[in-house]
Asks: 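The structure follows.
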Amino acid sequence: MTFAVGDDVLYRDYRGNGQLIGVMPQRVIADDERGILTWRPIGTPWLFRRTADGRDRREIPFHARHTVEWRLASLTWTGLHVLHLFRPDHAHSVWSMFNPDFTLHCWYVNLEAPPARWADDDLAGVDTSDHALDIVVMPDRQWQWKDEGEYLERVGHPDYWTADQAADIRAEGERVIKDIEAAAFPFDGAWLDFRPDPAWPVPALPATGWDRPSAINELI
Ligand SMILES: [Mg+2]
């Protein structure tokens with residue numbers, strides 16, 4: 001299965017318990033041996049979980065997140081444009097995050113389950129499950145781990161990862177760090193000259209079908 005350049009696909013994020021927590025429409029820029037390259041500009045409509053009274057997950061202590069009621073809220077992506085590279089068979093994606101003037105703000109390495117593609121008659125997408133731990137890489141390739149606390153507090157929880165799986169998650173990050181420090185792909189300057197066609201519409205969130213069953217087989 002290859003996605004058609006110019007189509008919108010849905011990036012969907014699941015928790016280990018099968019709960020869908022985020023849906024983002026993104027425009028396909030390329031789909032080739034380097035991965036699935038997609039574009040999520042400022043202004044893109046998306047869905048992300050909030051409590052019933054509108055609070056973000058970061059306002060809820062981890063131990064309380066299983067007792068509050070969640071719903072998917074309609075949001076608008078703000079702040080930075082994202083050129084999002086899914087890497088089949090790799091447990092991470094790499095987001096080139098651009099300032100509004102298209103200078104590089106940072107790369108964001110999102111550790112996550114390898115992307116699972118799907119396509120129906122009129123919708124297509126990539127499903128994954130976030131691994132909490134991330135790496136933020138500045139344009140000079142200075143890097144730092146992000147959200148290590150959230151990753152650690154999930155170790156051993158039935159909805160997340162065992163200690164062995166947690167070690168696999170961190171090992172994936174350490175492999176990426178070698179590429180960062182070597183200025184290897186995709187930290188080699190790939191796509192830093194990317195500019196969207198001003199005629200492109202903002203990716204569209206479909207009214208229905210975004211909640212089709214998950215295509216994920218493995219969560220780690
Ligand atoms: Mg993450």
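Computed from a predicted model, the values in this text were never measured in an experiment. Counting starts at 1 for both ligands and their atoms, following the listed order.
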Asks: Would you call the rings of W46 and W77 parallel, tilted or perpendicular, where under 30° means parallel and over 60° means perpendicular?
Replies: perpendicular
Asks: For a distance under 2.8 Å, give residue and atom name for each protein N, O or S atom next to the Mg ion (ligand 1).
Replies: N110 OD1, D130 OD1, D134 OD1
Asks: Under 3.5 Å, which donor-acceptor pairs do the side chains of residues 172-179 form with other protein atoms, sequence neighbours left out?
Replies:
residue, atom, partner, partner atom, Å
E172, OE1, R175, NE, 3.3
E172, OE1, R175, NH2, 2.6
E172, OE2, A91, N, 2.9
E172, OE2, H92, ND1, 2.8

Asks: Give every donor-acceptor pair under 3.5 Å between a side-chain atom in residues 138-146 and any protein atom, sequence neighbours left out.
Replies:
residue, atom, partner, partner atom, Å
D140, OD1, Q142, N, 3.0
R141, NE, F187, O, 2.7
R141, NH2, F187, O, 2.9
W143, NE1, E181, OE2, 3.0
K146, NZ, Y108, OH, 3.2

Asks: Verify whether one side chain among D127 and W118 offers a donor that lies under 3.5 Å from an acceptor in the other.
Replies: yes
Asks: How are the rings of H81 and F102 set to each other: parallel, tilted or perpendicular (split at 30° and 60°)?
Replies: parallel
Asks: Just jot down the side chain to side chain contact (heavy atoms under 4.5 Å, CB included) partners of D164, sequence neighbours excluded, or say none.
Replies: T162
